[in-house]
Amino acid sequence: MRFREIARTRRGLAALAVTGLAAGAALTTAAVTEPPAAAAPLDRYYHQQLDWNSCDIPELDGMGGQCADITVPLNYAEPQGRTTTVAISRIPATDPARRRGVVLSNPGGPGGAGLDYFVETSKALTPEVRARYDLIGMDPRGVGRSDAVNCHWPTGFGLQFAGVDAKGFAESVATQSDLAARCAAAEGDRLPHMTTRNTARDMDVIRTVLGESRINYVGTSYGTYLGAVYMQMFPDRSDRMVLDGSVDPDRYGVVGMVQDMGAPNEAALDAWAAWTAERDGEYHLGATAAAVRDLVQRLIARAATQPIRIGDFDVDAHSLPLVLYIAFDSPQNYGRAAQQVRELADAADGQRVEPDENLAGSLAVILRAQPRDMSPSMAVLCGDVGAPRDPAWYWRNLEASRATQPVFGALANNITPCAFWAPPAESPTAIANAAPTLIVQATGDTRTSYGGALAMHRALTGSRMVTLQDVGIHSILGRYPNACVYDAVNTYLADGVLPASDLTCRDE
């Protein structure tokens, strides 16, 4: 599996895409518009000159893309103090004479590197849109080439399944506490500044440096929340905004957002089990959906008792379900998931199995240290919104979830590093405005639930929503071609015209 595929999986955790904090983590909100910055404090940032160079990303360079670094304050409350770097990319408008402005972007996560976001997403855009806009990618602060947070974690993932019993949950508590401690030791003085509100401020510096009075925007997954925060903080500087796979703004944070992933992933497991049962002659996992699901649950239970040795990996009940979680961000991955479960089942039965390339890639990220792990994602999530600190709170929710979510409840309700994090430096941003916005959403999205998109639609009273019915894809643009969805997006970006009313599109 290529690393950018795993990175997209992490974006989906926002894919992690987290809040409306229940029971004890009081959520105080700030519906405050960012005041116009006095010229003097940020003047040196607004007037910097960019040095555009090759991005050293072949696909992006091949599209005429160039990259540059922008300097921003580490702490906007102390703009004369320490600085940090934000890396951006630019694919120029194809018709400079008709150029209208820029489209900024974010691929999700949080923690997703986005310099190459438009390599795939631009495939959803018409020549008319490409002619009129510079497409701007960005590695947000603390991510990728932007002075990345690095907590030196022993694994690539920041979340895990709780296992099947109290012993497994206790192991999770110890693991997540250790991950938080590693971040505090490695990045403690920077962590309070790795937040969505500061990334929105960075976006406004980018807007100014690029010479634009307003920005257009396409954001995926967590990027929908970032776009909504920017609109809330900088309403007069926001133009045509597209949100693809929307977070519930009232439940943003590592608790609510992850809880909301439980039900759609459990539904995806049922859909996948039915798909796999129809192909029992190929995968031999069961001739009925119930039999396939039962095999998966028995495999998890076996891994809790004795980790499954496959290749040079030991797969336990904390990690095995993550293989399915990674696959379930798209129905296009169902065959891959079935093959991987077949390999794990054979290994559990004592066969000597070498995992295929995709499974080996997933397990490497789940189980081993990576040059880029999920610590930037947790830095933002935990820095934005606090989480309950009592492990017993998570255990009660986890146990209550097992009846309806026997597999994914152990992820959706498990404790996270945020339970051991320092409190956020700022209150979360309450989203409530009438800015014109286009929201596109698949009903079966396993990362950002359909209910979350409806909540974003309600919060953005000037928005229109385009629903892709009965498809379990997380983020549509550039990933799941659909003429109905794409037409609405391109019409809005090209002409500024939103659908007259909310629109439902069918799978093609």
With a 4.0 Å cut-off, would you call [X] and [Y] a salt bridge?
X	Y	result
R396	E399	no
R479	D329	yes
D139	R145	no
D248	R458	no
R201	E426	yes

Using modelled atom types and a 3.5 Å cut-off, is there a donor and acceptor pairing between side-chain atoms of [X] and backbone atoms of [Y]?
X	Y	answer
S177	V173	no
R141	H193	yes
N482	V485	yes
S146	A87	yes
S221	G245	no
Y394	P388	yes
D294	A290	no
N333	A327	yes
S377	P110	yes
N265	M261	yes

Side chains of [X] and [Y]: do they bring a donor and an acceptor to under 3.5 Å?
X	Y	answer
T220	Y117	yes
R368	T155	no
Y480	D507	yes
T504	Q469	no
N198	D202	no
D445	H474	yes
D147	T84	yes
S172	N414	yes
H457	D502	yes

Taking ring-ring contact (aromatic ring centres under 6.0 Å, His included) as the test, write out the residues that go with F169, two or more places apart. W395
L359 and side chain to side chain contact (heavy atoms under 4.5 Å, CB included): which single residue from V353, V323, I326, V341 fits? V323
What residue among D349, I300, V315 forms side chain to side chain contact (heavy atoms under 4.5 Å, CB included) with L344?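 Passing option: V315.
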Answer whether the closest heavy-atom distance between the side chains of [X] and [Y] falls below 4.5 Å.
X	Y	value
V471	T443	no
L243	M456	yes
M203	M138	yes
E508	P481	no
L460	N433	yes
I476	Y486	yes
L438	V489	yes
F328	W272	yes

In sequence, state the C-alpha distance, the side-chain angles, and the governing distance for L60 and S89, and then conclude on side chain to side chain contact (heavy atoms under 4.5 Å, CB included). CA-CA 9 Å; L60 183 56; S89 64; 3.8 Å; yes
Taking atom [atom1] of [X] and atom [atom2] of [Y], what is their separation to the nearest 0.5 Å?
X	Y	atom1	atom2	value
Q441	D244	CD	CG	8.0 Å
Y283	Q339	OH	CD	7.0 Å
D316	Q306	CG	CD	10.5 Å
L477	S105	CG	OG	11.5 Å
L322	L411	CG	CG	6.5 Å
D384	M194	CG	CE	12.0 Å

Cationic tip of R447 within the cone over Y222's six-membered ring, i.e. under 6.0 Å and within 45° of the normal?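 Checked: cation-pi criterion not met.
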Summary of salt bridge (charged side-chain N to carboxylate O under 4.0 Å, His left out) pairs that have at least one residue in residues 153-163, sequence neighbours excluded: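 Passing the test, one end in residues 153-163: no pairs.
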Listing request: all salt bridge (charged side-chain N to carboxylate O under 4.0 Å, His left out) pairs with a residue in residues 267-285, at least two apart in sequence or in separate chains. D270-R293
Kindly indicate, with the supporting measurements, whether the criterion side chain to side chain contact (heavy atoms under 4.5 Å, CB included) is fulfilled by L363 and I310. CA-CA 10 Å; L363 292 175; I310 181 167; 4.1 Å; yes
Stepwise side chain to side chain donor-acceptor pair (under 3.5 Å) check, Y325 with T446: CA-CA 9 Å; Y325 173 81; T446 58; over 6 Å; no
Can you see which heavy atom on [X] is nearest to which on [Y], and at what distance?
X	Y	value
F313	A360	CZ-O, 3.7 Å
P107	G112	CG-O, 3.5 Å
L179	G158	CD1-O, 4.1 Å
Q176	P417	NE2-CD, 3.4 Å
A347	I308	CB-CG2, 3.6 Å
A289	A273	O-CB, 3.6 Å

For R506, give me all partners under side-chain hydrogen bond (donor to acceptor under 3.5 Å, both in side chains), at least two apart in sequence or on another chain.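 Partners of R506 by the side-chain hydrogen bond (donor to acceptor under 3.5 Å, both in side chains) criterion come out as none, since no residue qualifies.
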Where at least one partner belongs to residues 402-424, residue pairs that pass ring pair (Phe, Tyr, Trp, His ring centres under 6.0 Å), sequence neighbours excluded: F161-F408
Apply salt bridge (Lys or Arg N to Asp or Glu O under 4.0 Å) to R82 and D189, showing your working. CA-CA 11 Å; R82 291 173 61 187; D189 61 338; 2.8 Å; yes
Among pairs that include at least one residue of residues 358-426, which meet disulfide bond (SG atoms under 2.5 Å apart), considering only residues two or more places apart or in two chains?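 As it turns out, the disulfide bond (SG atoms under 2.5 Å apart) pairs with a partner in residues 358-426, which skip direct neighbours, are C382-C418.
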